[in-house]
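Here the structure is laid out as structure tokens; the discussion comes afterwards.
Order of listing sets the numbers, starting from 1, for every ligand and every atom in it.
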Amino acid sequence: MFLGCHVSNKTPDYLYGSINEALSYGANACMIYTGAPNNTKRKDLSALQIEKAHKAMQANHFDLERMIVHAPYIINLANTKKPELAQFGQDFLASELKRVAAIGAKVLVLHPGSHVQMGLDVGIQSIVTHLNVVLDADTSKVCIALETMAGKGSEIGSSLEELKQIYDGVRHKDRVGVCLDTCHLNDAGYDVADFDLLLDEFDKEVGLSYLKCIHINDSKNPKGARKDRHENIGFGYIGFDTLINIIYNKRIEDIPKILETPWVGEYPPYKEEIEMIKNKEFDPELKEKLENI
Ligand code: FE
Ligand code: FE
Ligand code: ZN
């Protein structure tokens with residue numbers, strides 16, 4: 001099982017710090033942003049301590065395939081209301097692929113985008129066009145994993161059919177994949193309790209081999225709420241047993257699973273959540289305990 005969580009990538013140790021943080025949680029996978037998730041300011045690659053991070057990974061049998069990178073939220077390739085913003089997203093995505101390649105990671109998770117009330121088909125066409133330009137010019141082997149979305153506002157990608165439409169339009173099919181997010185699937189109206197059925201549908205629509213990453217989150221809202229508010233494992237509407245069944249599903253054994261659950265007060269809950277998952281035992285007092293640290 002490859003299980004980890006979102007870890008920071010910040011001064012002074014950057015990627016070397018990210019790996020040490022993941023290891024301190026007992027994780028053997030992780031996800032980073034190349035800088036702040038909500039802006040596009042980025043440090044020079046030379047500052048990121050890449051070599052030191054790789055050495056630490058090797059020493060701990062932490063494969064680069066299990067270090068996932070997430071693109072910043074502000075990339076919106078579907079913005080046809082302000083095409084200059086979609087163009088900005090395209091340029092940033094191109095530079096982000098270069099950074100991911102330099103880091104040595106293989107998968108970049110990307111939110112497909114929002115059509116900003118311009119219509120779903122126009123938005124999807126815009127995503128396809130920009131992805132094709134980026135991938136035509138890019139020489140790395142980094143795979144862009146389109147994330148399933150909760151469907152709030154005009155978000156594209158809240159159904160497997162929409163992801164399939166993007167996938168169908170992209171020329172470099174070897175360079176696109178999918179990242180499933182359990183909270184987003186639930187909020188979009190999928191029954192994640194029957195995960196095998198969902199995987200069947202995914203396999204039929206896109207193909208299981210295109211699954212690159214799974215975000216493991218509980219949800220603060222019931223199925224179909226279209227909200228996207230993550231909850232700690234076992235404390236939301238999805239529930240502990242369902243999440244355990246997903247994490248331990250044999251068909252997705254090799255896929256990195258990443259927790260993006262909220263901090264409890266000032267405290268990251270990942271070490272404790274990973275422990276609960278490994279022991280398959282829910283601690284209903286976990287949040288209380290973390291709040292009092
Ligand atoms: Fe995401
Ligand atoms: Fe996610
Ligand atoms: Zn989310």
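- Under the 30°/60° scheme for interplanar angles, the aromatic rings of Tyr33 and Tyr73 are found to stand perpendicular.
- Between Asp283 and Lys289 a salt bridge is recorded (basic side-chain N to carboxylate O distance below 4.0 Å).
- Of all protein N/O/S atoms, those lying under 2.8 Å from the Zn ion (ligand 3) come to 3.
- Figure legend: cation-pi geometry between Lys223 and Tyr237 absent, as NZ or CZ is not positioned both under 6.0 Å from the six-membered ring centre and within 45° of its axis.
- Looking at Arg175 and Asp138, a side-chain N of the basic residue comes within less than 4.0 Å of a carboxylate O on the acidic one, giving a salt bridge.
- Rounded to 10°, the angle formed at the Fe ion (ligand 2) by OD2 of Asp181 and OE1 of Glu260 is 90°.
- Metal site remark for the Fe ion (ligand 1): His111 contributes an N, O or S atom at a distance under 2.8 Å.
- Among the backbone and side-chain atoms of His215, an N, O or S atom lies under 2.8 Å from the Fe ion (ligand 2).
- With a cut-off of 2.8 Å, the Fe ion (ligand 1) has an N, O or S atom of His70 in range.
- Here the CG atom belonging to Asp44 is positioned 10.0 Å from the CZ atom belonging to Arg99, to the nearest 0.5 angstrom.
- Among heteroatoms of the N, O or S kind in Glu147, OE1 lies nearest the Fe ion (ligand 1).
- Without hydrogens or angle criteria, Ser95 side chain to Phe92 main chain gives a donor-acceptor distance under 3.5 Å.
- Atom CD of Glu84 sits in a crowded spot, with more than 12 heavy atoms from other residues, nucleotides or ligands closer than 6.0 Å.
- With hydrogens and angles left out, the side-chain atoms of His70 and Glu147 include a donor and acceptor closer than 3.5 Å.
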